[in-house]
Amino acid sequence: MHKIGLTPLALPFLLLAATASAQSPAVDVAALRDAALKDDIAMDIVEGLTTEVGPRPAATEREAEARDWAVVKLKALGFSNVRIEPYTMPAWVRGEETATLVSPFPQSLTITALGNSGATGKKGLTAEVVYFPTLADLQAAPDGSLKGKIAFVSHAMKATQDGSSYGAFGAARFAGPGIAAQKGAAAILIKSIGTDNHRVPHTGVTHFPEGVTPIPAAALSVPDADQLERVFKRGKPVTLSLLLTPRFNGTQQSGNVIAEVPGSDPDAGIIMVTGHLDSWDLGTGAIDDASGVAIVTAAAKRIMDAGTPRRTIRILLAGAEEVGSYGGNAYYEAHKSEPHVLTSESDFGADRIWRVDFAFPTAAKPVTTRIASALAPLGISAGAQRAGGGADNAKFADAGIATIDLQQDGTRYFDLHHTADDTLDKIDPQQLRQNVAAWTTVLAIAANAQESLR
């Protein structure tokens, strides 16, 4: 090829042209992709959902309002079979939350309760604090050694493009409170699972092992956790007063919203794309996950407007993802016998997609080649990792359904994640459009490919 003066940058375009015959003649993938770079549908959805509904905690009236809002919006956009599929789940509600360092240096600290936290009672709790630099240090503490004390767990989370640090450091939130409770702690504070330096704490769900009574559990903002670390370095006993009054609200209703772009060939199967409607209550849930809802919806709308795809595209706007993927699990149980052939999720903010990963059957390798080639002009490279899906489609991925992960840049995601700073102004319109263009490209190719995706 070098003999005719071709550059590496030209190869994706040649590959795309060479495989055009495998596509439906009515689908011009490049034209759809490039038009999506001027998309305004996604921003309209994010702006509407965060403004007209705002925060959408799972199993609350606000989440119910979000479902109603989504039904109206999806119908107005022209989608078919729009409906709500309800289910019930345990609910948790935030209350008062304050922390005060009593000694040796009295001052207020900024905290927020973790989802499923227990309560101190209205009078609060004052106790000695025991410092653990890492979760491993807490795990190594002798059983019973924390009786009547408040555990404080820190860490040193750093920003990464792929968000990989979340799994490593997030365990302090996922499992830390349960471990502290088993060791007798009266309460636990953790450094927020975040990479910012703002005095804004990060919430998020925690889970207590079966049979373990939930204890009060809260996250300190990163600067306040750093401050508490410095206090401990002075070598003096530390006492803290904590007030947390969340409550468990029994069994409440949540639900999923579903919409479709019907395909022309029922035997070709269903492509499921998902984002989640619920959010934490501190911000307005713009990056987590109104943006994902908007991206998958806008892309599916563009495919619908281009004509009838071969495969049905089903949008799942899942409820109650933040507190345990209740919506994704409920959808799986209700629809696992249906012919899903591909699934993908958008739930990592709104910054640009930089890599695509696949988990496709060998026979569908030509489809992945065409997708990767068509994504290259957007600055997206094909990765070597196997796609794993997300929280709301994980059971389908585990069952062997083909999966594609469009990896977004997560460098600043954990500056904002689960905080009061998760608001509309944090979304870059151009990066949001790049997401829509990438998703439009994937759907245009996958929904019309003649190869089997099973």
Side-chain angles (χ1 to χ4, degrees), residues 9 12-13 15-16 29-30 32-43 45-46 159-166 271-276 286-303 313 315 342-360 367-393 397 402-417 426-447:
L9 289 176
F13 298 96
L15 287 170
L16 185 59
V29 175
L32 285 171
R33 177 196 65 212
D34 295 346
L37 289 171
K38 299 178 181 179
D39 178 79
D40 288 324
I41 300 170
M43 184 56 80
I45 292 171
V46 177
T160 58
Q161 186 178 28
D162 64 358
S164 56
S165 61
Y166 185 52
I271 293 175
M272 182 187 78
V273 294
T274 180
H276 66 84
I287 67 161
D288 188 19
D289 185 33
S291 57
V293 166
I295 290 163
V296 300
T297 302
K301 164 70 171 170
R302 289 183 167 275
I303 301 305
I313 298 170
I315 299 170
L342 177 63
T343 179
S344 189
E345 177 176 282
S346 180
D347 184 19
F348 198 45
D351 283 354
R352 65 178 296 275
I353 294 166
W354 63 284
R355 194 182 80 205
V356 57
D357 295 321
F358 300 97
F360 275 50
V367 182
T368 68
T369 299
R370 294 199 298 275
I371 290 173
S373 297
L375 290 175
L378 297 174
I380 300 169
S381 62
Q385 296 186 28
R386 182 177 176 83
D392 286 321
N393 65 355
T403 308
I404 183 169
D405 291 345
L406 291 167
Q407 305 285 8
Q408 293 159 291
D409 188 337
T411 305
R412 67 180 188 129
Y413 184 71
F414 292 105
D415 289 354
L416 308 169
H417 184 242
K426 308 308 185 304
I427 293 180
D428 179 336
Q430 287 304 113
Q431 295 193 66
L432 183 68
R433 291 184 179 109
Q434 189 256 13
N435 275 258
V436 176
W439 277 81
T440 300
T441 301
V442 168
L443 292 180
I445 294 173

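For the numbers below, each heavy atom of this structure counts, side chains included, while hydrogens, waters and symmetry mates do not. What you see is a predicted model; the values in this text were computed from it and never measured.
Here the shortest heavy-atom pairing between Ala438 and Ile380 reads CB-CD1, 3.7 Å. Annotation for Thr440 and Arg302: closest pair OG1-CD, 3.8 Å, computed over non-hydrogen atoms. Nearest heavy atoms, Gln431 versus Arg352: OE1-N, 2.8 Å. The two residues Ser165 and Thr160 have their closest heavy-atom pair at N-OG1, 3.7 Å. Nearest heavy atom pair, residue Trp354 against residue Asp409, reads CD1-N, 3.6 Å.
With 3.5 Å as the limit, one finds a donor-acceptor pair spanning the side chains of Gln408 and Asn435.
A donor-acceptor distance shorter than 3.5 angstrom exists from the side chain of Asp289 to the backbone of His276, with no hydrogens or angles considered. Counting only distance, with no hydrogens or angles, the side chain of Asp405 and the backbone of Gly388 share a donor-acceptor pair below 3.5 Å. Remark: the backbone N or O of Lys426 is paired with a side-chain donor or acceptor of Arg412 at under 3.5 angstrom. Distance alone, capped at 3.5 Å, places no donor-acceptor pair between the Ser346 side chain and the Val296 backbone. Under the 3.5 Å distance criterion, the side-chain polar atoms of Arg433 are matched with a main-chain donor or acceptor of Asp39. Judged by distance alone, with hydrogens and angles left aside, the side-chain atoms of Gln407 form no donor-acceptor pair with the main-chain N or O of Asp357 at under 3.5 Å. Distance alone, capped at 3.5 Å, is enough to place a donor-acceptor pair between the Arg33 side chain and the Ala374 backbone.
A heavy-atom distance below 4.5 Å is not found between the side chains of Asp347 and Asp392. The shortest distance between side-chain heavy atoms of Thr368 and Ile371 does not fall below 4.5 Å. Taking 4.5 Å as the limit, every side-chain heavy atom of Ile41 sits out of range of all side-chain heavy atoms of Thr297. Side-chain contact between Val442 and Leu375: present, with at least one pair of heavy atoms (C-beta onward) separated by less than 4.5 Å. You'll find the side chain of Ile427 reaches within 4.5 Å of the side chain of Val46, heavy atoms only. In this structure the side chain of Arg355 reaches within 4.5 angstrom of the side chain of Gln385, judged on heavy atoms.
In this structure, His417 and Phe414 have perpendicular ring planes: the angle between them is above 60°, well past the 30° mark.
Summarising the geometry, atom CD1 belonging to Ile295 is positioned 9.5 Å from atom CG belonging to Leu406; distances are rounded to the nearest 0.5 Å. Ile353 CD1 to Phe348 CZ: the interatomic distance, rounded to the nearest 0.5 Å, is 12.0 Å. For the atom pair Asp288 CG and Tyr413 OH, the distance stands at 3.5 Å (nearest 0.5 Å). Annotation: the span from Thr343 atom OG1 to Met272 atom CE amounts to 3.0 Å, rounded to 0.5 Å. Summarising the geometry, atom OG1 belonging to Thr403 is positioned 10.5 Å from atom CD belonging to Glu345; distances are rounded to the nearest 0.5 Å. One finds the OG atom of Ser291 at 11.0 Å from the CD1 atom of Ile45 (value rounded to the nearest 0.5 Å).
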Side chain to side chain contact (heavy atoms under 4.5 Å, CB included) between Leu37 and Leu378: does it pass, once the steps are laid out? CA-CA 9 Å; Leu37 289 171; Leu378 297 174; 3.8 Å; yes
